[in-house]
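Numbers restart at 1 for each chain; the letters A, B, ... are given by sequence-line order, proteins then strands.
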Amino acid sequence: MSNTLDNQYQPAKIEQSIYQRWEQSNAFKPAESDTAYCIMIPPPNVTGSLHMGHAFQDTIMDLLTRYHRMKGDQTLWQVGMDHAGIATQMVVERRLAADNINRHDLGREKFIEKIWEWKAESGGTITKQLRRMGASVDWSRERFTMDEGLSDAVQDVFVQLYEEGLIYRGKRLVNWDPVLHTAVSDLEVESAEENGHLWNLRYPITNSDEYMVVATTRPETMLGDSAVAVHPEDERYTHLVGKTVELPFTGRHIPIIADDYVDPEFGSGCVKITPAHDFNDYEVGKRHSLEMINVLDDNAAIHLPGSPYHGQDRYVARKQLVRDFEEADLLDKIDDHKLVVPRGDRSGAVIEPYLTDQWYVKVEPLAREAIRVVEDGDIKFVPENWSNTYFEWMRNIEDWCISRQIWWGHRIPAWYDEAGNIYVARNQEEAQAKAGQDAVLSQDNDVLDTWFSSALWPFSTLGWPEQTPELDKYYPTNVLVTGFDIIFFWVARMIMFGLKFTDQVPFHEVYIHGLVRDQEGQKMSKSKGNVLDPLDLIDGIDLDTLVAKRTSGLMQPKMAAKIEKSTRKQFPNGIESYGTDALRFTFASQATLGRDIRFDLARIEGYRNFCNKLWNASRYVLMNTEGQDCGQQNDVVELSLADRWILSRLQEVEAELVEQIDSYRFDQMAQSLYSFVWDEYCSWYVELTKIVLNDESSSAAQLRGTRRTLVRVLETLLRLLHPIMPFITEEIWQQVKGLANVTGETVMHCAYPVADSTAVDSQAITQMQLVQGVITGVRNIRGEMNINPSKHLPVLIQGANSDELAVLRDNQAYLNQFGRFESLEFIDTVEQAPESATALVRDMRVLIPLGSFIDAEAEIQRLNKELEKTEKDIAGVTGRLSNSAFVEKAPEAVIGKAKQQLADAETAKSLLVEQIERMQEFLKG
RNA sequence: GGGUGCUUAGCUCAGUUGGUAGAGCAUCGCCCUUACAAGGCGAGGGUCAGAGGUUCAAGUCCUCUAGCACCCACCA
């Protein structure tokens with residue numbers, strides 16, 4: 001730590017060392033308190049890396065965590081990583097593929113070893129990045145979903161659910177990913193419209209010359225057809241129901257059935273039914289007890305030993321079959337057709353409905369409770385409308401397929417004997433005990449869906465199933481901060497499992513944040529080449545490196561040129577280093593409820609400048625207080641108007657901030673802080689202190705008063721800002737704490753300022769507004785007349801009442817120096833003044849005599865502009881007040897306000913008119 | 001086919017229980033004033049997507065329309 005602040009704010013110089021200091025001193029460890037506060041991090045993929053969404057989310061969680069820690073809560077931000085089954089396994093398989101090895105070459109055990117090796121190698125990336133974000137997580141409690149403890153929890157849950165009949169194994173149609181060779185859940189399938197064809201095939205009616213035309217988007221599945229269906233009331237076909245058609249190329253005759261499922265308006269009104277390869281047909285098949293004919297293998301190639309299509313990939317077979325239909329004159333026609341194609345969210349492969357044995361969770365009973373707690377308000381979504389999305393899904397929920405045919409994950413704790421009996425147990429010994437010692441058992445090869453263990457995260461990380469003190473202290477946790485995209489995957493399942501196994505909700509609030517998009521509003525993605533890396537915003541990156549980063553490893557290398565072009569256009573100079581605090585402030589300022597955010601560099605630059613402003617103001621404070629008497633020893637101090645004003649405003653702002661943070665309005669919080677620091681503390685207060693501090697006639701008590709206020713307000717500001725900008729506030733605080741006479745190792749353990757409404761001196765605020773009004777009036781004239789800011793001007797004030805006069809006289813030094821007045825005189829009537837430019841403050845005129853700097857023409861113009869505005873106001877208010885309905889029905893206060901507005905405007909108008917006339921006369925004569 | 005949002009200054013966004021529109025950035029003037037040019041001071045800029053309704057009063061509440069975005073869903 002340096003002993004003073006550098007001349008320039010350079011985040012790179014301070015951030016990392018501060019974090020290390022915090023971590024080494026265990027500053028993130030919860031300090032004991034009666035009230036607890038806990039946030040669970042949504043565990044990132046252990047081998048993943050930090051993207052903008054994480055950075056946004058982490059900012060919000062850290063902000064809340066730091067705030068509550070400072071508030072004195074026993075605050076835990078629980079950190080950890082997810083094993084991310086499919087995603088991680090894919091990464092490692094891809095790496096092995098580079099050496100021409102596939103996982104089967106290695107075998108299960110060796111392959112899993114490889115994954116653990118990869119985890120050890122790359123698993124630190126994201127934790128390092130979290131540290132760079134300033135995340136104040138308790139690293140000593142870091143968990144991994146495949147830790148021993150968490151794995152035990154998974155087994156316990158599985159066994160219990162199985163024993164209660166809430167987990168079952170069954171042969172059903174599932175979403176099969178033919179590339180990954182595993183079943184996936186409904187949520188892992190993404191459907192999108194694609195261009196395809198509708199093939200109209202002729203199925204000859206048995207013992208007849210006629211045929212039925214069936215339309216299909218997937219001709220190859222015809223090999224597995226077991227019926228043709230028509231609508232029961234479709235008169236065209238009623239006579240055929242009960243007969244059979246000959247299924248071409250198979251020698252099979254399949255029944256013609258009637259079912260409501262068929263839409264008679266679509267196509268020919270005849271539908272081929274393939275129960276083993278289509279979810280609708282599966283249901284139809286069950287209703288009509290049709291044969292389920294599986295014609296595919298794990299790779300989605302045709303599996304029909306003896307058939308000429310056997311072994312052909314589904315798309316090869318499709319082509320072949322279409323040709324064969326055509327040759328046999330059984331192809332009626334081919335139409336272009338848009339269809340919805342389901343693809344695996346990981347592999348991108350077209351998903352096949354496929355008949356396999358899988359494990360399922362029976363969700364309906366769990367969902368019922370999970371719906372209730374949200375209805376009852378035990379869990380609140382922020383913003384509230386997300387609860388609709390939640391209800392919608394939960395009320396239509398299907399059983400959850402939890403088995404995956406991959407190797408990386410929690411292996412399903414089920415064993416089979418040679419007869420195929422199932423023994424679910426915590427381990428092989430238990431299973432053996434259940435099966436009898438003679439049984440030869442083999443464990444199920446499948447692993448559980450990653451989300452199964454994630455669903456336990458809020459309590460498994462706290463030690464469950466043990467009844468640990470942590471569980472007791474922190475559970476239920478306070479808020480879950482996450483994106484809407486995983487409400488179904490994760491939030492809903494945590495609620496279900498939380499209720500089931502702890503009888504409590506896992507968290508009381510769910511804060512849903514929006515998506516971080518690029519500045520055009522596009523979703524950031526590697527393939528679009530518009531990804532921003534939070535670390536690049538923090539550290540900066542040169543253009544060539546950025547281009548290289550965005551164009552390497554693309555799935556479609558063709559895109560590289562386009563990406564390079566747009567990147568070079570958008571970031572001609574690369575990206576500057578903005579620092580973590582500026583990035584965090586940007587996120588906080590954009591964190592409005594329920595809206596995606598566009599990330600714009602102009603914004604982060606603005607907030608980096610804000611950091612710089614704070615930094616330099618602090619330098620000013622230090623320069624003027626270090627080694628000086630700052631009045632911290634209970635000596636007599638005299639507070640100036642500015643001192644009393646800023647202290648009062650500080651109280652008001654403190655009150656605002658607490659409201660804002662408690663209602664998750666971080667954007668408003670950021671706005672309040674920004675404008676208070678910049679517009680009030682820096683632009684007014686700090687400037688005004690210069691007058692006292694540079695005045696040789698200032699008394700010791702006055703100097704002490706100003707120094708003390710300067711330092712105290714700054715120190716308080718640092719605490720107020722700390723949750724959003726942890727680094728810069730810590731760095732400055734270390735310099736300021738001694739002057740402010742506060743002790744402590746770190747600002748992060750100081751109390752968050754609490755407003756004291758009795759400390760608000762409203763008189764000081766009103767008086768200060770008067771002073772500001774006069775100065776602003778003069779600045780106004782100065783600005784509009786393009787008078788050099790350094791030119792001192794003579795000022796006259798006319799029409800001040802006795803109170804105003806007293807305040808202005810008392811603060812004449814402020815006015816003269818801060819306003820750069822050459823002189824200040826008070827007069828009774830405007831005639832006492834020479835021809836002047838005028839600014840109105842309340843009922844007073846602030847006058848600057850015409851001279852070489854101001855000409856009358858310009859002043860008339862300026863006044864006329866002002867007059868126009870005032871007349872518009874008058875017209876508006878008069879209109880309202882002359883409306884009898886308004887006067888009769890509007891509340892007293894509103895009418896009073898309008899009358900006051902009108903009176904003020906009328907006064908202003910008459911003053912303006914008078915001035916204009918005077919100017920005109922002056923010009924004439 | 002259902003559902004949820006969004007449309008406010010050139011751009012990105014605020015706008016609390018209805019009381020007559022704000023910020024940042026950008027723009028235009030004047031300034032290197034001893035914390036800060038990553039700065040200071042001043043100014044300009046909006047029939048709040050459109051139409052209708054409720055009301056004394058609508059950016060705000062209701063209805064409809066248009067455009068955009070996202071989520072869910074089994075039309076071959």
Side-chain angles (χ1 to χ4, degrees), chain A residues 5 7-9 186 191 198-199 214-218 221 229 261-263 265-274 278-284 337 339-340 353 383 385-386 388-389 392-393 396 484-485 487-488 514-515 517 519 521 523 576 589-590 592 594-603 605-624 659 663 665 667-668 671 674-675 679 682-683 686-687 690 694 776 779-791 820 873 876-877 880 883-891 893-895 897-898 901:
Chain A
L5 297 179
N7 287 334
Q8 219 187 356
Y9 167 61
D186 297 347
S191 296
L198 195 59
W199 285 273
V214 295
T216 180
T217 53
R218 308 181 53 215
T221 61
Y261 157 68
V262 181
D263 174 4
E265 304 295 315
F266 188 92
S268 61
C270 306
V271 186
K272 61 190 272 308
I273 301 296
T274 320
D278 183 285
F279 287 101
N280 290 314
D281 295 3
Y282 181 75
E283 295 303 320
V284 175
H337 183 71
L339 73 162
V340 177
N385 57 288
W386 285 110
N388 292 331
T389 306
E392 170 69 18
W393 189 67
N396 300 298
F484 59 84
D485 49 328
I487 290 179
F488 305 145
L515 204 66
R517 298 170 175 278
Q519 51 198 159
K523 215 166 155 173
E576 262 185 271
S589 77
Q590 304 241 76
T592 60
R595 198 166 162 141
D596 287 352
I597 66 176
R598 292 193 187 196
F599 197 87
D600 188 349
L601 276 193
R603 196 111 182 197
E605 186 173 342
Y607 294 125
R608 191 272 318 267
N609 295 353
F610 175 65
C611 291
N612 188 53
K613 189 76 181 174
L614 176 66
W615 184 267
N616 280 302
S618 304
R619 284 180 55 228
Y620 167 83
V621 173
L622 291 172
M623 279 176 206
N624 285 285
E659 255 176 57
S663 54
R665 289 307 303 264
D667 59 323
Q668 295 179 344
Q671 173 66 27
Y674 184 96
S675 65
D679 302 335
C682 292
S683 294
V686 163
E687 292 303 326
K690 291 176 183 173
N694 294 334
T776 304
R779 282 177 174 174
N780 210 303
I781 293 169
R782 209 191 271 277
E784 294 196 15
M785 298 297 173
N786 288 346
I787 298 171
N788 190 316
S790 59
K791 175 69 189 168
R820 292 180 183 269
D873 286 352
V877 186
R880 273 195 290 160
N883 180 346
S884 60
F886 172 70
V887 183
E888 279 165 32
K889 296 192 179 175
V894 175
I895 296 171
K897 198 178 153 196
Q901 270 174 9

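- A/Ser884 pairs by the side chain to side chain donor-acceptor pair (under 3.5 Å) definition with nothing, not counting sequence neighbours.
- Shown here are the ring-ring contact (aromatic ring centres under 6.0 Å, His included) partners of A/Phe599, two or more places apart in sequence or in another chain: A/Phe587.
- Nucleic acid contact for A/Gln8: base, since at least one base atom lies under 4.0 Å from a heavy atom of the residue.
- RNA chain B contains the following stems of three or more consecutive Watson-Crick or G-U pairs, with both distances under 3.5 Å: B:1-7 with B:66-72, B:10-13 with B:22-25, B:27-31 with B:39-43, B:49-53 with B:61-65.
- A/Tyr674 comes within 4.0 angstrom of sugar-phosphate atoms only, judged by non-hydrogen atoms across all strands, and of no base.
- Contact annotation for A/Cys682: base contact, defined as any heavy-atom pair under 4.0 Å involving a base atom.
- Scored by the salt bridge (charged side-chain N to carboxylate O under 4.0 Å, His left out) test, A/Arg517 finds A/Asp596 as partners (sequence neighbours excluded).
- Residues that satisfy the salt bridge (charged side-chain N to carboxylate O under 4.0 Å, His left out) test with A/Asp600, not counting sequence neighbours, are absent from this structure.
- Among the heavy atoms of the strands lying under 4.0 Å from A/Arg603 is at least one base atom, whether or not backbone atoms are also near.
- In this structure, A/Glu687 reaches the bases: a heavy-atom distance under 4.0 Å links it to at least one base atom across the strands shown.
- Comparing B/rU60 with B/rG19, their P atoms are spaced 11 Å from each other, to the whole Å.
- A/Arg598 pairs by the side chain to side chain donor-acceptor pair (under 3.5 Å) definition with nothing, not counting sequence neighbours.
- Residue-level contact check: A/Ala602 touches the backbone only, with heavy atoms under 4.0 Å from sugar-phosphate atoms and none from bases.
- Under the side chain to side chain contact (heavy atoms under 4.5 Å, CB included) criterion, A/Ser589 pairs with A/Arg603, A/Tyr607, A/Ala670, sequence neighbours left out.
- Identified under the salt bridge (charged side-chain N to carboxylate O under 4.0 Å, His left out) test for residues 780-789 of chain A, with sequence neighbours left out: A/Glu784-A/Lys865.
- Reading RNA chain B from its 5' end, the first and the last nucleotide to sit under 4.0 Å from a heavy atom of chain A are B/rU4 to B/rA76.
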